[in-house]
J.: 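A single structure is presented below for examination.
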2 protein chains.
Amino acid sequence: MTGPKSPDSSDEAQNPERSAVLGEKKIPAAVVKRLSLYTRALQNLERNKVEKVSSTALAGELGLNSAQVRKDLAYFGQFGVPGFGYHVGELRQHLKHILGTDREINVALIGVGHLGKALLSYGGFHRQGFRIMWAFDVEVRESHVGVERVPVYHTSELDRIIREESIELVILTVPAEAAQGIADRLVKAGVSAILNFVPTRLQTPDHVKIHYVDLAIEMESLSFYLR
Amino acid sequence: MTGPKSPDSSDEAQNPERSAVLGEKKIPAAVVKRLSLYTRALQNLERNKVEKVSSTALAGELGLNSAQVRKDLAYFGQFGVPGFGYHVGELRQHLKHILGTDREINVALIGVGHLGKALLSYGGFHRQGFRIMWAFDVEVRESHVGVERVPVYHTSELDRIIREESIELVILTVPAEAAQGIADRLVKAGVSAILNFVPTRLQTPDHVKIHYVDLAIEMESLSFYLR
DNA sequence: GCGAGATTGTGAAAACGTTCACAAATTCGC
DNA sequence: GCGAATTTGTGAACGTTTTCACAATCTCGC
């Protein structure tokens, strides 16, 4: 019923990976991901007492192009010294500030199943400075889980605690059927970033950022490359 | 010491996400990932007894553009019927065949830590038809783990069993220090696809396909979008 | 079995991301 | 302190991916 010159008008074409706005520039999502990679590479260099690094060296470490490294950093300022490179410690501080990981971020995990429990015990988050402080489930079997003894609350307390504790980031590991319902409540309570392990496309307002980690898809698409 | 007209000659610029070759055409990695998404969406439709679907409907389900769906499918053939759409069951069969998930794939998991154990218990793989049949660790605490009671072997048996059982796909959840060493052994033993949860860039020959799942990076890059 | 309506498959255009290439800036050995 | 060597930051070129737009094709109700 649309005009003859308006094909496919029902498409919304909202590609899941969009770009962010910082100040005036638009930062591509891929750049933000690489910023994280740079941070970790710098961390390793620092541990090895390396004090300077060139874009070429950093790029080599990560299998990237040196111009890309320089361009990525140039989105946020001029951190390098021509003829020298980058000061490792300094650049790392800058990046941590840009990423917002130089402050405490309150993280909760919802859905204490196999995967949820594993993530609560997983060392990788801690090492990057993330502390999951709350866990929720529809059924509270143990009051505390994981090495860090994270307290487990019933989902009925979700909305209250999220609000009271200003939880901004949530890891979602609930069954597929429950995901959208929980997401709606999270958004209402003020959560603005979700790391979603549930293989369901979540419907949320634009200001809420969702990253999808889809393990089954990773396996399936790998299988394509087998011979 | 390179010629004056050859800048940055040490860069290799091998972007981690490259494309695959099928017959003559090059299939972008992003297309393969979406193929998996389509497969799952079709699975859901089938469960709900839906027998036909248009590119617009499928795209809407996944937040994509309808032309993209059609183009993606067009890489592999003409599966649709103008004026009608796609037959759900038929298209799904086609896609499963293209992805190679219509046959048994032998999968092993290496590194039975928190994350490894969780993945062995995780239902998501099973639902998509993947069975992890072997697990390996440097220390065998239990002879069988997970709901499916997967046998755990010592890593010294890795090379032999990989070869004997024709294991093609491996899930890697070992500590960072061990990752490259294990990867080298896997490649020698004939593994050609790795799902790598270790935050380390693995050095492997071109014919080995690696997908990286980097949970810490996902968290960090999410934090960028908080306010 | 005809015709209005729906939907595909696909060239062409637009958007986006990466790499090249080089002037400008700084270093550092002597 | 000079000058060769190094390395940044960035416009322009290039390549890839996504979206548009529409002719060709098929459906399905009457």
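Naming: A, B, ... by sequence-line order, numbering from 1 per chain.
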J.: Between C:dT10, D:dT7, D:dC28, which one does the side chain of B:F84 approach most closely?
T.: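 Side chain of B:F84 sits closest to D:dC28.
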
J.: Using atom NZ of A:K52 as one end and atom C1' of D:dT8 as the other, report the distance to the nearest whole Å.
T.: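 Checked: the NZ to C1' distance equals 13 Å.
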
J.: When you measure from the side-chain N and O atoms of A:Y86 to the phosphate of D:dT6, is any distance below 4.0 Å, counting only OP1 and OP2?
T.: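 Checking D:dT6 against A:Y86, no side-chain N or O comes under 4.0 Å of OP1 or OP2.
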
J.: In whole angstroms, how far is the P atom of C:dG9 from the CG atom of B:L73?
T.: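 Those two atoms, CG and P, are 7 Å apart.
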
J.: Does D:dT7 have OP1 or OP2 sitting under 4.0 Å from an N or O in the side chain of A:S54?
T.: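 No, A:S54 has no side-chain N/O under 4.0 Å of OP1/OP2 on D:dT7.
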
J.: Tell me the interatomic distance from B:F79, atom CZ, to C:dT7, atom C1', rounded to whole angstroms.
T.: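 Nearest whole value for this atom pair: 17 Å.
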
J.: With a 3.5 Å distance limit and no angle check, can you tell me whether A:S223 reaches the backbone of B:L99 through a side-chain donor-acceptor pair?
T.: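 Answer holds: yes.
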
J.: For DNA chain D, whose closest nucleotide is more 5', that of A:V81 or that of B:V31?
T.: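 Its nucleotide being nearer the 5' end, the pick is A:V81.
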
J.: How many whole angstroms separate atom CD of A:Q68 from atom P of D:dT8?
T.: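 About 15 Å, once rounded to whole Å.
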
J.: Would you kindly give the CD1-to-P distance between B:I27 and D:dT17, to the nearest whole Å?
T.: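 Distance check: B:I27 CD1 to D:dT17 P gives 11 Å.
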
J.: Nearest whole angstrom, please: distance from the C1' of D:dT18 to the NZ of B:K33.
T.: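 In whole Å, D:dT18 C1' lies 17 Å from B:K33 NZ.
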
J.: For residues B:Y212 and B:T200, report the shortest heavy-atom separation together with the two atoms involved.
T.: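 Where B:Y212 meets B:T200 most closely, the heavy atoms are CE2-O, 3.4 Å.
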
J.: Any sub-3.5 Å donor-acceptor pair from B:S166's side-chain atoms to B:I162's backbone N or O?
T.: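 Answer holds: no.
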
J.: Quick check on salt bridge (charged side-chain N to carboxylate O under 4.0 Å, His left out): which of B:R163, B:R103, B:K209 does B:E168 satisfy it with?
T.: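 The salt bridge (charged side-chain N to carboxylate O under 4.0 Å, His left out) with B:E168 is passed solely by B:R103 among B:R163, B:R103, B:K209.
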
J.: Can you tell me if A:Q78 touches the phosphate of C:dA25, counting only side-chain N or O atoms and a distance under 4.0 Å to OP1 or OP2?
T.: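 So the side chain of A:Q78 is outside the cut-off, no N or O lying under 4.0 Å from OP1 or OP2 of C:dA25.
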
J.: Within this structure, what is the CG-to-P distance between B:L91 and C:dG9, rounded to whole angstrom?
T.: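 B:L91 atom CG is separated from C:dG9 atom P by 10 Å.
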
J.: Please determine whether a side-chain nitrogen or oxygen atom of A:S55 lies at a distance below 4.0 Å from atom OP1 or OP2 of D:dT8.
T.: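 Yes, such a contact exists.
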
J.: Nearest whole angstrom, please: distance from the P of D:dT8 to the OH of A:Y38.
T.: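 About 12 Å, once rounded to whole Å.
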
J.: Examine D:dA21: is either OP1 or OP2 under 4.0 Å from a nitrogen or oxygen in the side chain of B:R70? Give yes or no.
T.: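 It does not, given that no N or O in the side chain of B:R70 lies less than 4.0 Å from OP1 or OP2 of D:dA21.
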
J.: Ring centroids only, cut at 6.0 angstrom: are B:F79 and B:H94 within range, meaning strictly under it?
T.: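 Here the rings of B:H94 and B:F79 have centres that are less than 6.0 Å from each other.
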
J.: Can you find a donor-acceptor N/O pair under 3.5 angstrom joining the side chain of B:K71 to the base of D:dT18?
T.: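 For B:K71, whose side chain was compared with the base of D:dT18, there is no donor-acceptor pair (under 3.5 Å).
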
J.: Quick one: which of D:dA24, D:dT19, C:dC20 gets closest to the side chain of B:N65?
T.: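 My answer, after comparing the listed nucleotides, is D:dT19.
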
